[in-house]
Each structure stands twice: as structure tokens, then as C-alpha cells.
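Report on one structure; see the data block that follows.
Here, residue 1 is the first one in the sequence, and each next residue gets the next number. Keep in mind that this is a model prediction, so the values were computed, not measured.
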Amino acid sequence: NGRFLDHPALYPGRIYVGNEDGHMFAFDYSGEILWSYKVNVGIFSTPTMVNNKLYFAGLDKNLYCLSKDGNFIWKYPTVGVVFSPYLVDSHGNQITKFGGLSKNIDISSGYIVFSSSDGHIHCLDLDGNLLWNVKTEKKLSGLSIVDGVIYSGCYTADFYAINLKDGFTKWKTPVKSYLTSNPVFHDGMVYFNCVENTVCAVDSTSGNAVWTFRTNGTLTSGPFLQGDVLYIGCWDSNMYAIDIKKKELSNGKRIYFHKA
């Protein structure tokens with residue numbers, strides 16, 4: 001028994017999903033349970049499959065690795081609850097946040113990167129060995145990992161660029177307020193929302209702010225970039241479309257949705 005707290009992951013012939021009483025299930029497409037694996041507390045994490053190994057985070061402050069048939073391989077313990085595990089290839093580029101794949105990925109080497117609620121960011125190899133971890137002043141929001149650099153906002157209202165290779169902080173930039181969503185990387189720039197009404201564009205090399213844009217309400221959802229237009233939903237019941245080249249509203253207009 002127990003509610004399912006996050007998205008299922010679909011792979012050829014199987015569906016993997018965890019629930020609040022701590023079971024990770026494997027179903028076939030007809031709904032028959034193939035196996036289940038029990039952890040200490042709830043699972044609020046969509047799993048992913050890499051090299052026929054299933055990775056997921058438990059609310060018991062562990063990152064788990066099982067075989068595709070549900071056999072325990074390893075777990076990595078942390079002091080805080082695990083947030084947002086990401087799979088990174090050997091070139092230092094994010095393949096996906098966990099749960100974003102629909103097929104088994106087969107790579108010879110790579111990294112698992114995630115933050116935890118105690119303010120640490122961790123980097124493991126695919127066998128669960130710790131490569132490094134570093135402490136930030138408070139917990140981090142979502143991550144974006146590109147060209148060997150991890151970009152993330154901190155609840156101290158700072159934005160970090162951290163080297164994937166060694167965990168060294170490349171730069172840290174103060175921003176208007178804390179972040180709750182993932183940044184977006186494009187063409188040497190990092191775009192992100194601060195909760196207090198501000199969209200920021202930062203140079204990825206120097207950390208210098210290039211421009212900011214003010215909305216009329218709180219921002220908690222993440223930005224989405226299509227072409228040269230950044231789309232952002234806001235608590236003022238507006239959807240904003242910002243031209244990132246002109247640093248202004250696309251076509252001078254906002255896109256309005258019906259209020260709830």
C-alpha cells in the first residue's frame with residue numbers, strides 16, 4: 001500500500017515506479033508485478049536505467065542502485081535528503097535528470113551528480129564511488145550540467161558554477177533571491193528565475209550578469225527556451241515570452257492564460 005509520489009519510468013517491456021511506503025516496483029505492460037524492492041522510507045524519485053542498472057533516491061537519505069531484476073548492488077548514504085540526481089556523460093554534459101529516459105543508456109563511463117538537503121553537492125562514478133563532495137552555505141536548487149560545469153542556485157541567493165572534475169567553485173554570483181527551479185544553458189549564457197520577480201541572464205565564463213527582466217509576480221517554475229525566446233510562467237497569472245537577444249518581451253507582448 002502507499003501512494004505513488006513521482007513519475008514512472010518506462011523501458012522496453014517494463015515500468016519502474018516507487019511509492020510512499022518505500023517500495024520500488026517493476027511492472028510489465030499488463031500491470032503484473034515482476035518484483036519489488038523495499039527501502040526504509042518513501043521513494044519520491046523517478047528512477048533511471050544506465051548500463052542495465054536502476055538508480056533512484058530514497059527519502060531515507062540514500063541513493064540506490066539495483067540490477068534490472070531488482071537485486072541490490074549498492075547504496076550511497078548522505079546526511080541530507082537526496083535532491084535531483086543527474087546522469088552526466090564522460091564529456092561532462094548532462095544526459096538527463098533521472099526519469100527523463102525511455103530506454104537503457106549504455107555508456108562506458110560517466111557521473112552521477114546530485115545535491116542534498118544539508119547543502120552538499122555530490123559526484124559519484126557509476127559504481128557508487130565518491131569522487132568528491134562540497135558544502136555550500138545552504139541547499140541548492142535544480143542543476144544544469146554543461147561542458148564540465150555544474151550550474152545551480154543556492155538558498156543564500158547566490159548562483160554557483162562548480163567544476164565537475166574536482167568540485168572547485170569556478171565562480172559565485174549574488175542574485176536577487178533564491179531559486180527553486182533548474183537553470184537553462186544556451187550559447188555561453190545561463191538563464192534562470194529568482195523567486196522574487198526576476199529573470200536573470202549570466203555569462204557562463206565570468207558569472208557576470210548580462211541582463212535582468214522583472215515580472216509582476218513570484219517565479220517558482222523553471223524557464224523553457226525555444227530558439228531565442230525564453231518562456232516563463234508566473235504567479236501573476238501570465239505566461240511571459242522574452243526575446244533573449246533583445247532583452248525584452250517577444251513581439252512586445254505577454255501571453256495570457258486564463259486565471260485559475
Side-chain angles (χ1 to χ4, degrees), residues 1-76 81-116 122-128 141-146 180-185 220-226 231 233:
N1 295 323
R3 295 173 297 176
F4 294 98
L5 301 176
D6 211 337
H7 302 291
L10 275 65
Y11 294 90
R14 297 193 177 190
I15 303 167
Y16 299 100
V17 64
N19 72 356
E20 67 178 350
D21 73 352
H23 281 93
M24 177 58 67
F25 290 98
F27 297 91
D28 65 19
Y29 285 171
S30 71
E32 180 180 351
I33 296 175
L34 302 176
W35 55 259
S36 67
Y37 182 87
K38 181 72 167 66
V39 301
N40 295 326
V41 296
I43 299 170
F44 193 2
S45 167
T46 302
T48 202
M49 184 78 75
V50 183
N51 297 341
N52 289 309
K53 296 176 182 178
L54 192 72
Y55 298 88
F56 65 92
L59 291 177
D60 60 352
K61 305 177 183 179
N62 287 294
L63 183 71
Y64 287 88
C65 177
L66 307 180
S67 73
K68 67 177 182 179
D69 297 317
N71 297 312
F72 176 83
I73 299 177
W74 57 259
K75 68 178 179 180
Y76 174 80
V81 174
V82 174
F83 294 142
S84 303
Y86 292 79
L87 173 65
V88 183
D89 66 22
S90 58
H91 301 292
N93 292 303
Q94 171 184 325
I95 297 174
T96 183
K97 179 181 176 180
F98 277 19
L101 302 174
S102 59
K103 62 181 181 179
N104 175 54
I105 294 293
D106 186 12
I107 57 177
S108 59
S109 63
Y111 309 90
I112 301 168
V113 178
F114 60 94
S115 60
S116 52
H122 310 258
C123 182
L124 314 180
D125 66 19
L126 296 181
D127 294 320
S141 60
L143 313 178
S144 182
I145 306 167
V146 182
T180 61
S181 60
N182 298 66
V184 174
F185 180 93
T220 55
S221 63
F224 178 82
L225 186 65
Q226 180 66 37
Y231 297 93

Roughly how far, to the nearest 0.5 Å, is [atom2] of [Y] from [atom1] of [X]?
| X | Y | atom1 | atom2 | value |
| --- | --- | --- | --- | --- |
| Leu66 | Lys68 | CG | NZ | 14.0 Å |
| Tyr37 | Ser67 | OH | OG | 10.5 Å |
| Tyr16 | Leu54 | OH | CG | 6.0 Å |
| Asp125 | Tyr111 | CG | OH | 9.5 Å |
| Ile145 | Leu143 | CD1 | CG | 5.5 Å |
| Ile33 | Phe27 | CD1 | CZ | 4.5 Å |

**Study point:** Name of the residue among Tyr55, Tyr11, Tyr86 meeting side chain to side chain donor-acceptor pair (under 3.5 Å) with Thr48
**Key:**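 Of the listed options, the one satisfying the test is Tyr11.
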
Practice item. Any chance you could lay out the side-chain contact (heavy atoms from CB on, under 4.5 Å) test for Val17 and Ile43, step after step, and finish with the verdict? Key: CA-CA 9 Å; Val17 64; Ile43 299 170; over 6 Å; no

Flag, side chain of [X] to backbone of [Y], donor-acceptor distance under 3.5 Å:
| X | Y | answer |
| --- | --- | --- |
| Tyr29 | Gly13 | yes |
| Glu20 | Gly2 | no |
| Asp89 | His91 | yes |
| Asn62 | Tyr64 | no |
| Lys38 | Asp21 | yes |

Quick check: closest heavy atoms across [X] and [Y], and the distance to 0.1 Å?
| X | Y | result |
| --- | --- | --- |
| Pro47 | Ala9 | O-CB, 3.4 Å |
| Ile15 | Pro8 | CG2-CB, 3.8 Å |
| Gly18 | Phe4 | O-CD2, 3.3 Å |
| Ser109 | Ser90 | OG-CB, 3.3 Å |
| Cys123 | Val113 | SG-CG2, 4.1 Å |
| Val41 | Val39 | O-CG2, 3.1 Å |

Practice item. Assign the ring pair Phe114 / His122 to parallel, tilted or perpendicular, where the plane angle (0 to 90°) is split at 30° and 60°. Key: parallel

Exercise for review: Kindly indicate whether the side chain of Ile73, heavy atoms from C-beta on, has any atom under 4.5 Å from the side chain of Asp127.
Suggested key: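 Side chain of Ile73 against side chain of Asp127, heavy atoms only: no contact under 4.5 Å found.
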
**Study point:** Leu124 vs Leu63 side-chain heavy atoms within contact, under 4.5 Å
**Key:** yes

